[in-house]
Amino acid sequence: MITREEIANVLDQPVYDGDGNKIGDAKHVFFDDMTGRPEWVSVKTGMFGSAESFVPIRDAALVQDHLEVPYGKDQVKGAPSVDVDAGGHLSETEEHRLYDYYGINWDSVLSEAERTDDGRFAAGPGTAGAAGTAGTAGAAGTAGAAGAAGLAGTAGGTTGREDAAGREGMRGDEAMTRSEEQMRVGVERHESGRARLHKYVVTEEVQQTVPLTHEEVRVVREPITDANRDEAMAGPEISEAEHEVTLHAERPVVETETVPVERVRMTTEEFTENETVRGQVRKERIEAETETFTEDERGRGDMRRGRE
């Protein structure tokens, strides 16, 4: 069981289940108002700590730098959501729901709550009061028999004690550091594709018109004149004869030759485009809590809390 003196080492520390799986970070510890003993620890779970689950601390153990609980990670994350009032207390109804969920016998809880740490019997079971705020871990004051549980202080602070007459104030470093994450976006060059030149051969039909000449026979008849009479009378008077003429014609002759026509190469060109990058960063917030008492309230262990 975690003692009051160990609370400073619990808040803001990792919480693991029995199999070594991290569940989240411890943010609040709740004490029983009557016994003053730690009863519950709230664990920030989910991505970026967006959910908070309650786990019984009675069977938890502080192992080196983390808190170990005997419940599985899925069981803790599935715990019923409870409402904590403005004073930082769980009602008996909410506690009853949590005990039922974790299979803890309610009657045994009542019998334990009726007995204080020194063996005296109290008037009845008390509700659980908060002992820490998210992001802080520190000294928890020791509550009187009839007083509400103390609020945990800043990390590294000394332990304050309180009794029926009042409480000692929280001491320690007067300042704390607030940090936040900043998003830095850079660029990296990677291969986005490849381009290549590929040369191949295609056959196309082409046509061209060329003039062609050819010879044809034409018969020319000339009358006998004094100029050609001698040639005409040179042969026999009556005979058969034959005269042959060779005809010529042109035809197209096709041949090809390879000639260079152009040079083709590839170059790269860079273009710049604007792209919006979105991300999530975590920031710490610091709130101040104050406790004020009146003379009558000190005797009852009552207090008023304020937050700035």
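Index from 1, following the sequence.
Side-chain N or O atoms of Tyr101 include one that pairs as donor or acceptor with a backbone N or O of Gln75 at under 3.5 Å. A distance-only check finds no donor-acceptor pair linking the side chain of Glu68 to the backbone of Ala61 [under 3.5 Å]. Remark: the backbone N or O of Lys73 is not paired with any side-chain donor or acceptor of Asn21 at under 3.5 angstrom. Distance alone, capped at 3.5 Å, places no donor-acceptor pair between the Asp17 side chain and the Asp74 backbone. Side-chain atoms of Ser53 do not come within 3.5 Å of backbone N or O of Ala79 as any donor-acceptor pair.
Inter-residue side-chain proximity for Pro38 and Ile7 is flagged as met; some heavy-atom pair is nearer than 4.5 Å. Under the 4.5 Å side-chain criterion, counting only non-hydrogen atoms from C-beta, Phe31 is not in contact with Ile57. Counting heavy atoms from C-beta on, the side chains of Ile23 and Tyr71 never come closer than 4.5 Å. Residues Ile104 and Pro56 are in side-chain contact: their nearest non-hydrogen atoms beyond the backbone lie under 4.5 Å apart. When side chains are defined from C-beta on, Val43 does not count as touching Glu52, because their heavy atoms never get closer than 4.5 Å. Counting heavy atoms from C-beta on, the side chains of Thr276 and Arg278 come closer than 4.5 Å. The shortest distance between side-chain heavy atoms of Arg265 and Thr267 falls below 4.5 Å. At a threshold of 4.5 Å between non-hydrogen side-chain atoms, the residues Val69 and Val15 count as touching.
Its side chain within the 4.5 Å cluster rule, Val202 clusters with Tyr200 among the Ile, Leu, Val, Met, Phe, Trp and Tyr residues. Apart from Val210 itself, the hydrophobic cluster it occupies contains Leu212, where clustering links Ile, Leu, Val, Met, Phe, Trp and Tyr at side-chain heavy-atom distances under 4.5 Å. Met183 belongs to a hydrophobic cluster with Val185, Val277, Val281, counting contacts under 4.5 Å between side-chain heavy atoms of Ile, Leu, Val, Met, Phe, Trp and Tyr, direct or through other members. Other cluster members for Leu247: Val217, joined by side-chain heavy-atom distances under 4.5 Å among Ile, Leu, Val, Met, Phe, Trp and Tyr.
The pair Glu95-Arg97 does not count as a salt bridge, with every side-chain nitrogen at least 4.0 angstrom from each carboxylate oxygen. A salt bridge links Glu181 with Arg282: at least one charged nitrogen is closer than 4.0 Å to a carboxylate oxygen. A salt bridge is defined here as a Lys NZ or Arg NE, NH1 or NH2 lying under 4.0 Å from an Asp or Glu carboxylate O, and Arg58 with Glu39 meets this definition.
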Step-by-step side-chain contact (heavy atoms from CB on, under 4.5 Å) determination, Val55 to Tyr102: CA-CA 8 Å; Val55 191; Tyr102 285 103; 3.9 Å; yes
CA sep, side-chain torsions, deciding dist, call: Glu270, Thr268, side-chain contact (heavy atoms from CB on, under 4.5 Å): CA-CA 7 Å; Glu270 290 189 351; Thr268 60; over 6 Å; no
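Between Trp40 and Phe54, the angle of the ring planes goes over 60°, which puts this pair in the perpendicular group of the 30/60° scheme. Relative orientation of the Tyr16 and His66 rings is perpendicular, given thresholds of 30° and 60° on the angle between their planes.
Remark: Lys27 NZ to Asp12 CG distance equals 4.0 Å, nearest 0.5 Å. The CG atom of Asp25 sits 8.0 Å away from the CD atom of Gln13 when rounded to the nearest 0.5 Å. Here the CG atom belonging to Leu98 is positioned 7.0 Å from the CG atom belonging to Leu90, to the nearest 0.5 angstrom. Distance check: Met266 CE to Leu197 CG gives 4.5 Å after rounding to the nearest 0.5 Å.
Applying the side chain to side chain donor-acceptor pair (under 3.5 Å) test to every pair with at least one member in residues 229-255, sequence neighbours left out, gives these pairs: Thr213-Glu250, Glu215-His248.
Partners of Glu6 under the salt bridge (charged side-chain N to carboxylate O under 4.0 Å, His left out) rule, at least two apart in sequence or in another chain, do not exist in this structure.
For the residue pair Glu216 and His214, a side-chain donor N or O sits within less than 3.5 Å of a side-chain acceptor on the partner.
Residues Asn228 and Pro223 share a closest heavy-atom pair of ND2-O, 3.1 Å.
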